[in-house]
Amino acid sequence: MDDKTIVTDLACKETAAADASLLLDWYDRHHRTLPWRTSPADAALGVLPEPYQVWLSEIMLQQTTVGAVKDYFTAFLARWPTVTDLASADEDDILKAWAGLGYYSRARNLHKCARTVVDEYGGRFPETVPELKSLPGIGDYTAAAIAAIAFDEPVAVVDGNIERIIARLYRIDEALPAAKKPIKQRMGDLTPQERPGDFAQAMMDLGASLCSPKKPACALCPFTGACAAEAVGDMERYPVKAPKKEKPTRRGAAFLIRRGDGALWLIKRPDKGLLASMAAVPTTDWFDKKAGEGFDPATALEKAPDGLAFKKKTGQVTHTFTHFHLLLEIYEAASDEARPTPEGWWSTPQSIKGEALPTIFRKVVEFVP
DNA sequence: AAAGCGGGGGT
DNA sequence: ACCCCAGCTTT
């Protein structure tokens, strides 16, 4: 190496450009073991994880924290060890196993995707981003994540954590979602040819630990000194986002129909829209008070299932969805009819635990005044 | 580009 | 109360 090269290297060090090896070294020292990762020993040998497990974990992790996913992932893998097993499963069994995890279209798309992989790809996941993206439930992020982690493809993986890190490293002032394009470009430039999957996971680990939305731990960060936002002490400004809309409150009534043996009458929700295809108890429509059609508890009984003597219970059940708050009044009636309306089924105290009840209706059936 | 789509944990 | 999370699909 001649003198001129040395001078160039020194100059680079002073400007301290972010570099993938800084992060990979950090990752090798802080590697977290997770149910869907290969062991650190295997990873060091370059052993890639099973594509089925990478896919399953990535679908579960969409907008969902690692802590919430772990037990669901373990249970799914034990019950359906391969994509072929999942493809031949009953969709209602998948919805029951998914209940409580949220974003239920993921569970329906999971089943569709498994069937496509079996029917169209002979039970093996495709390895390219365009083919992966064509599968149900797989978008830009998940396609890149599977390609990088399961197939060692050096593609730019960008999730919410990585958007934050990149926006800070390069002080990107454009607001999301417009900033997605330059962020993906920067991530592509930073992604190494070697160990692209580890690099992506290292970035996400960094975002989940040190480069947090509030009070990032810059002193411990492998990119310290190479981060434009840190240099000006304005980390929490990035990524710039559009202001959020406020959530309206909707109100309605829920109807518990209870049999002598304690069984409850459940219904299946429509196959489109909120909580599609999930189990529930009968309810009124949910009215947005701001829309001028305020819910009147006195008229709730007009919408109640026919022929039953409902009594209003004290207290309400509340729940917050992505785009509104919900407040439900609870009514209860005894019935020993064989089949009350609307169409549904009796679920006994023993069977109700296994029903595909989303959390809001889990709260309703467990309601105690 | 914006809206619809869950639930829980951290602050 | 607000923020965010290993986002995707539809409008």
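Numbers restart at 1 for each chain; the letters A, B, ... are given by sequence-line order, proteins then strands. Owing to the predicted nature of the structure, the values given are computational and were not obtained by experimental measurement.
Nucleic acid contact for A:Arg37: base, since at least one base atom lies under 4.0 Å from a heavy atom of the residue. At the heavy-atom level, A:Leu275 lies under 4.0 Å from the strands shown only through sugar-phosphate atoms. Among the atoms of the strands shown, base atoms are found under 4.0 Å from some heavy atom of A:Leu101. A:Lys215 comes within contact range of no nucleotide atom at all, as no heavy-atom separation falls under 4.0 Å. Counting non-hydrogen atoms under 4.0 angstrom, A:Ser57 reaches nothing in the nucleic acid. The residue A:Gly67 sits apart from the nucleic acid: no heavy atom pair falls under 4.0 Å. A:Gly273 comes within contact range of the sugar-phosphate backbone alone, with a heavy-atom separation under 4.0 Å but no base atom that close. Residue contacts shown for A:Phe321 are limited to sugar-phosphate atoms, with no base heavy atom under 4.0 Å away.
Using a 4.5 Å cut-off on side-chain heavy atoms (C-beta onward), A:Arg195 and A:Leu24 make contact. You'll find the side chain of A:Tyr72 stays beyond 4.5 Å of the side chain of A:Thr64, heavy atoms only.
Side-chain to base pairing of A:Thr64 with B:dG6: one donor and one acceptor N or O lie within less than 3.5 Å of each other. Below the 3.5 angstrom threshold, one finds a donor paired with an acceptor across the side chain of A:Thr322 and the base of B:dG6.
For A:Met204, taking side-chain heavy atoms from C-beta onward, the closest of the listed nucleotides C:dC3, C:dA6, B:dG7 is C:dA6. With C:dC5, B:dC5, C:dC8 as the choices, the nucleotide that has an atom nearest any side-chain atom of A:Gln62 turns out to be C:dC8. Comparing atom distances between the A:Thr65 side chain and each of C:dG7, C:dC5, C:dC4 picks out C:dC5 as nearest.
In this structure, the NZ atom of A:Lys241 is 7 Å from the C1' atom of C:dC4, given to the nearest Å. Atom OH in A:Tyr238 sits about 19 Å away from atom P in C:dC3, given to the nearest Å. Atom P of nucleotide B:dG6 and atom CZ of A:Arg269 are separated by 9 Å, given to the nearest angstrom. Rounded to whole Å, the distance from NE2 on A:His323 to P on B:dA2 is 17 Å. Whole-Å rounding puts the A:Asn109 CG to C:dG7 P distance at 16 Å. Taking atom CH2 on A:Trp98 and atom C1' on C:dC8, their separation rounds to 12 Å, with Å as the unit. We find that NZ of A:Lys214 is positioned 13 Å from P of C:dC2, with the value rounded to whole Å. Distance, A:Ile149 CD1 to C:dA6 P: 13 Å, rounded to whole Å.
Proximity of A:His319 to the phosphate of B:dG7: a side-chain N or O atom is located under 4.0 Å from OP1 or OP2. For the OP1/OP2 pair of B:dG10 and a distance below 4.0 Å, the side-chain nitrogens and oxygens of A:Ser212 include no atom meeting the criterion.
Both cation-pi conditions hold for A:Arg259 and A:Trp346: the charged atom is under 6.0 angstrom from the six-membered ring centre and inside a 45 degree cone around its axis.
Nucleotide B:dG6 has no partner under the Watson-Crick or G-U criteria, as no pair reaches both atom distances under 3.5 Å.
Between A:Asp173 and the options A:Lys241, A:Arg168, A:Arg237, a salt bridge (charged side-chain N to carboxylate O under 4.0 Å, His left out) holds for only A:Arg237.
As rounded to the nearest Å, C:dT11 and B:dG6 have P atoms that lie 15 Å from one another. Remark: the separation of the C1' atoms in C:dA6 and B:dA3 is 23 Å, to the nearest Å.
In terms of position on DNA chain B, the residue among A:Lys245 and A:Thr320 whose nearest nucleotide sits closer to the 5' end is A:Lys245. Nearest-nucleotide positions on DNA chain C for A:Arg164 and A:Asp140 put A:Arg164 closer to the 5' end. In terms of position along DNA chain B, the nucleotide closest to A:Pro177 lies nearer the 5' end than the nucleotide closest to the other residue of the pair A:Pro177 and A:Pro358. Nucleotides of DNA chain C nearest to A:Lys247 and A:Tyr103 differ in position, and the one nearer the 5' end is that of A:Lys247.
In this structure, A:Trp55 and A:Phe125 have tilted ring planes: the angle between them lies in the 30° to 60° band.
Here the shortest heavy-atom pairing between A:Pro49 and A:Ile149 reads CD-O, 3.5 Å.
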Notebook entry, point to check: Given A:Leu210 and A:Trp26, is the side chain to side chain contact (heavy atoms under 4.5 Å, CB included) satisfied, shown in steps?
Noted result: CA-CA 12 Å; A:Leu210 304 182; A:Trp26 174 86; 3.9 Å; yes
